[in-house]
Novice: 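Have a look at this one before I ask anything.
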Amino acid sequence: MAVLLAVSLVVFLAVFAVGDPVELLINPEATQHEREMMVRALGLDRPVWMQYLTFLGNAMQGDLGISFVHGEPALQIIIERMPATFELVFFALLIASLVGIPLGLYVGLNSDASLSRAIMTGSILGYSIPNFWKGMMLILLLSVWLHWLPTSGRGETVDILGIPVSFLTWDGVRHLVMPVLNLAIPNTALMIRLTASGAAEARTQDYVKFARAKGVRPQRIVRRHILRNILIPVITVLGIEFGALIAFSTITETVFAWPGMGKLLITSIYRLDRPVVVSYVMLITFLFVLINLIVDLIYAALDPRVKLMDRAP
Amino acid sequence: MSGALLDVRGLRTVFHFLEGAYPAVDGISFTMRSGEVLGLVGESGSGKSVAGLSLIGLIDPPGEVVEGEVLFKGRNLRTIGESALRQVRGKEIAMIFQDSLAALNPVLTVSEQMVEAIREHADVPLPAARERVIAALRQVGISSPETRIDQYPHEFSGGMRQRVAIATALLNKPDLIIADEPTTALDVTIQGQILAEMQTLARETGTALIWITHDLGVVSELADRVAVMYAGRIVEIGGIDDVLDRPCHPYTQGLLDSIPAENAPGSRLRQIDGTAPSLAARPVGCAFRLRCQRAGPLCAEREPDVTEGPSGQSWRCHHPIPQGDRP
């Protein structure tokens with residue numbers, strides 16, 4: 001709660017520093033009178049502190065303001081875009097886990113193999129190439145040269161429980177591939193490195209040697225003894241990345257014109273749509289807090305040494 | 001010695017480093033009968049732990065067992081292959097490690113870690129395996145094992161964890177248990193209890209025991225025979241009374257002199273000068289000669305061979321301590 005309050009204050013002041021939205025919103029040919037009417041209607045004539053308190057009061061009741069540009073509640077606009085971003089992030093992390101964890105295990109357990117060196121080198125590339133450049137290169141390769149995939153948009157969507165999703169139609173999947181790949185590559189690399197270092201450390205532990213001395217099969221040692229210990233940091237990082245990707249898939253969404261929250265944020269900043277920007281940051285902050293809570297819960301379930309207390313200390 | 005439970009011949013384990021291969025275990029040989037307790041004694045770095053791990057093929061790179069035979073019940077464990085060896089490990093030869101906290105997986109329950117030791121070797125249904133685990137925990141003196149079985153290692157005290165490790169080793173009624181300093185990390189009272197329990201358990205089940213330790217005092221209470229290791233070699237081996245009462249190797253004598261209880265009250269504790277040589281810096285000839293008061297020119301020239309005494313005691317020394325010439 002304290003986090004949310006602090007963030008709201010910082011963001012609210014920051015958007016004021018960016019510029020005056022009135023210049024952008026109002027028809028240049030409007031009269032002075034029309035202009036003042038507009039400013040008053042939006043509440044922009046009042047001092048900053050008063051605007052902030054009004055915002056805070058409304059926010060308590062779940063009202064984060066109305067978009068200057070769209071004329072709809074800001075929160076609603078953002079939430080409408082949310083499924084698209086979630087879909088992107090979910091599949092990106094799914095791929096990162098399904099590819100990264102097994103590869104990382106292989107590398108960690110066979111650190112001298114030449115394949116391991118190749119994977120580790122690849123993961124450095126995957127992690128260090130900037131997202132926007134990689135996105136454009138993907139478009140160049142897969143769309144412009146090979147004409148395999150469309151460059152932008154979500155494609156055909158299907159509603160599940162009233163939420164539009166892309167991954168159930170062929171057209172949607174074709175649209176999904178590149179942005180998901182763009183987000184998945186650095187995260188796969190991250191998973192590889194995390195799992196590899198964890199496995200390399202775990203396999204020299206005494207409990208692995210003791211398990212071998214008990215005559216436990218190597219597959220079981222990897223599955224139960226090693227993987228179980230590695231999963232703790234992996235889950236933590238996955239949680240953090242989940243939040244981070246939702247918040248910062250902005251670049252990928254912009255490059256691929258994916259109609260998610262990130263693209264909305266960029267557009268809103270250009271248009272100085274203060275309520276949307278503030279609501280976006282508030283929502284993301286809330287998500288981060290929520291994800292951290294979930295990660296802590298999973299953490300406690302995985303690591304018996306972590307005990308959740310009944311009350312916070 | 002045919003019919004021996006374990007017959008180790010010329011076992012050699014080296015560690016490969018950039019500069020070359022260094023022998024940590026340099027050709028050790030010994031035999032054991034069923035039910036016998038052998039104390040394997042030496043300072044840190046003498047190769048005693050590596051020797052224990054080498055027996056059941058648990059040496060990881062850069063280490064490698066390069067020579068020798070480990071004949072266990074007539075089969076050479078070095079050549080039977082990894083999957084056959086896996087069936088021997090934990091079932092016929094069990095091992096206990098020094099640090100029981102590190103040896104138990106922190107994120108798995110005690111029951112899972114003990115049950116797997118049974119079910120990896122035999123097709124035992126889970127409830128039956130749990131019953132055996134509970135019985136084994138009770139056997140090593142853990143109270144209310146029915147509830148403690150589902151706890152995690154960190155919920156046990158140090159002594160209790162070591163009992164869990166011992167119970168795990170006992171599960172499949174092995175013919176041989178290799179115990180690598182299992183009581184070193186425990187305080188003295190617990191150490192005494194566990195020693196006594198191990199002795200009883202080994203006697204009851206007829207399990208042979210290799211007890212690896214740096215503590216001759218522990219060995220004297222427990223072992224039938226003792227092997228003293230120095231710089232990768234067994235420098236003296238024999239019956240416990242022979243070796244402790246009539247040591248032939250100056251190093252054994254030195255170890256005995258360093259036991260506080262053996263010294264007269266008020267006298268300065270005797271010690272062996274210098275430190276054990278590192279893997280890379282073994283002197284030519286006898287590895288002990290630089291710390292040895294009896295060393296002569298011959299010791300620098302060539303390494304002493306094994307000399308066998310009348311009662312099965314044997315030693316590697318050019319100038320053994322003559323009988324009757326006690327310092």
Side-chain angles (χ1 to χ4, degrees), chain A residues 101 105-114 116-117 194-196 198-236 295-309, chain B residues 49 52-53 55-62 82-110 112-122 150-155 161 164-165 168-169 171-172 174 177-180 185:
Chain A
I101 294 175
L105 263 182
Y106 175 83
V107 171
L109 299 176
N110 308 278
S111 44
D112 289 331
S114 46
S116 297
R117 299 220 176 94
L194 198 64
T195 315
E201 195 199 320
R203 79 180 167 135
T204 62
Q205 295 293 311
D206 271 3
Y207 59 76
V208 169
K209 196 156 258 185
F210 189 56
R212 286 171 65 201
K214 284 189 291 189
V216 179
R217 274 167 295 138
Q219 307 93 295
R220 188 181 156 86
I221 291 181
V222 170
R223 242 189 10 251
R224 292 298 300 174
H225 288 267
I226 295 182
L227 196 56
R228 187 72 196 270
N229 274 281
I230 303 176
L231 276 183
I232 295 166
V234 166
I235 296 280
T236 314
V295 168
D296 282 349
L297 290 174
I298 297 176
Y299 206 91
L302 278 178
D303 190 341
R305 288 164 296 185
V306 177
K307 278 270 188 308
L308 292 178
M309 271 174 276
Chain B
S49 295
L53 292 170
L55 292 179
I56 51 172
L58 283 181
I59 293 292
D60 287 321
E82 181 59 30
S83 67
L85 188 56
R86 186 178 71 72
Q87 283 302 325
V88 172
R89 289 200 287 251
K91 189 174 183 206
E92 294 172 83
I93 303 180
M95 190 146 185
I96 304 170
F97 291 99
Q98 174 176 355
D99 184 352
S100 58
L101 180 58
L104 296 173
N105 194 327
V107 299
L108 302 179
T109 60
V110 163
E112 169 156 12
Q113 298 186 58
M114 290 184 72
V115 161
E116 76 178 356
I118 298 174
R119 308 226 303 164
E120 288 286 300
H121 293 294
D150 289 315
Q151 292 181 334
Y152 289 91
H154 71 275
E155 296 173 83
R161 277 197 293 265
V164 168
T168 309
L171 278 174
N172 292 317
I177 294 177
I178 302 168
D180 187 356

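Just so you know, these numbers use all the heavy atoms, side chains as well, and skip hydrogens, waters and symmetry mates. To find a chain, count down the sequence lines: A is the first, B the second, and so on, and within it residues start at 1.
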Novice: Give, as side chain, backbone, both or neither, the part of B/S83 having an atom under 4.5 angstrom from any heavy atom of chain A.
Specialist: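 For B/S83, no heavy atom lies under 4.5 Å from chain A.
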
Novice: Please assess A/I232 against B/V107 for the test side-chain contact (heavy atoms from CB on, under 4.5 Å), listing each intermediate value before the final yes or no.
Specialist: CA-CA 10 Å; A/I232 295 166; B/V107 299; 3.9 Å; yes

Novice: Does B/E120 come within less than 4.0 Å of A/K214, counting only side-chain N to carboxylate O?
Specialist: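 No, this pair does not count.
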
Novice: Count the heavy-atom pairs under 4.5 Å between each of B/Q113, B/Q98, B/E112, B/K91 and chain A, then report the option with the highest count.
Specialist: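 Most heavy-atom pairs under 4.5 Å with chain A: B/E112.
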
Novice: Need one label for B/L58: side chain, backbone, both or neither, based on atoms under 4.5 Å from any heavy atom in chain A.
Specialist: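 For B/L58, backbone and side chain are both near chain A.
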
Novice: Could you give the distance from CZ (A/R217) to CD (B/E116), rounded to the nearest 0.5 Å?
Specialist: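 Here the interatomic distance stands at 9.5 Å.
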
Novice: Under 4.0 Å between a Lys/Arg side-chain N and an Asp/Glu carboxylate O for B/D180 and A/K209?
Specialist: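 Here B/D180 does not pair with A/K209 in a salt bridge, since their nearest N and O are not under 4.0 Å apart.
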
Novice: Taking side chain as C-beta onward, heavy atoms only, is A/F210 less than 4.5 Å from B/N105?
Specialist: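 Side chain of A/F210 against side chain of B/N105, heavy atoms only: no contact under 4.5 Å found.
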
Novice: With a 4.5 Å heavy-atom cut-off (strictly below), which parts of residues 222-229 of chain A touch chain B? List them by number.
Specialist: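 Listed by number, the contacting residues are A/R224, A/H225, A/R228, A/N229.
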
Novice: So if I take each residue of residues 200-207 of chain A and look for any heavy atom under 4.5 Å from a heavy atom in chain B, which residues do I end up with?
Specialist: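 Near chain B, by residue number: A/D206, A/Y207.
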
Novice: Measure B/A165 against the heavy atoms of chain A and call it side chain, backbone, both or neither at under 4.5 Å.
Specialist: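 For B/A165, backbone and side chain are both near chain A.
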
Novice: Do A/P218 and B/E82 touch side chain to side chain, with heavy atoms closer than 4.5 Å?
Specialist: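 Contact flag for A/P218/B/E82 side chains = no.
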
Novice: Please flag which part of B/L171 lies under 4.5 Å from any non-hydrogen atom of chain A: side chain, backbone, both or neither.
Specialist: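 For B/L171, neither part sits under 4.5 Å from chain A.
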
Novice: Go through the steps for A/R212 and B/D60 under the test side-chain contact (heavy atoms from CB on, under 4.5 Å), then give the verdict.
Specialist: CA-CA 12 Å; A/R212 286 171 65 201; B/D60 287 321; 2.9 Å; yes

Novice: Identify which part of B/Q151 has an atom lying under 4.5 Å from any heavy atom of chain A, answering side chain, backbone, both or neither.
Specialist: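 No part of it gets close to chain A.
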
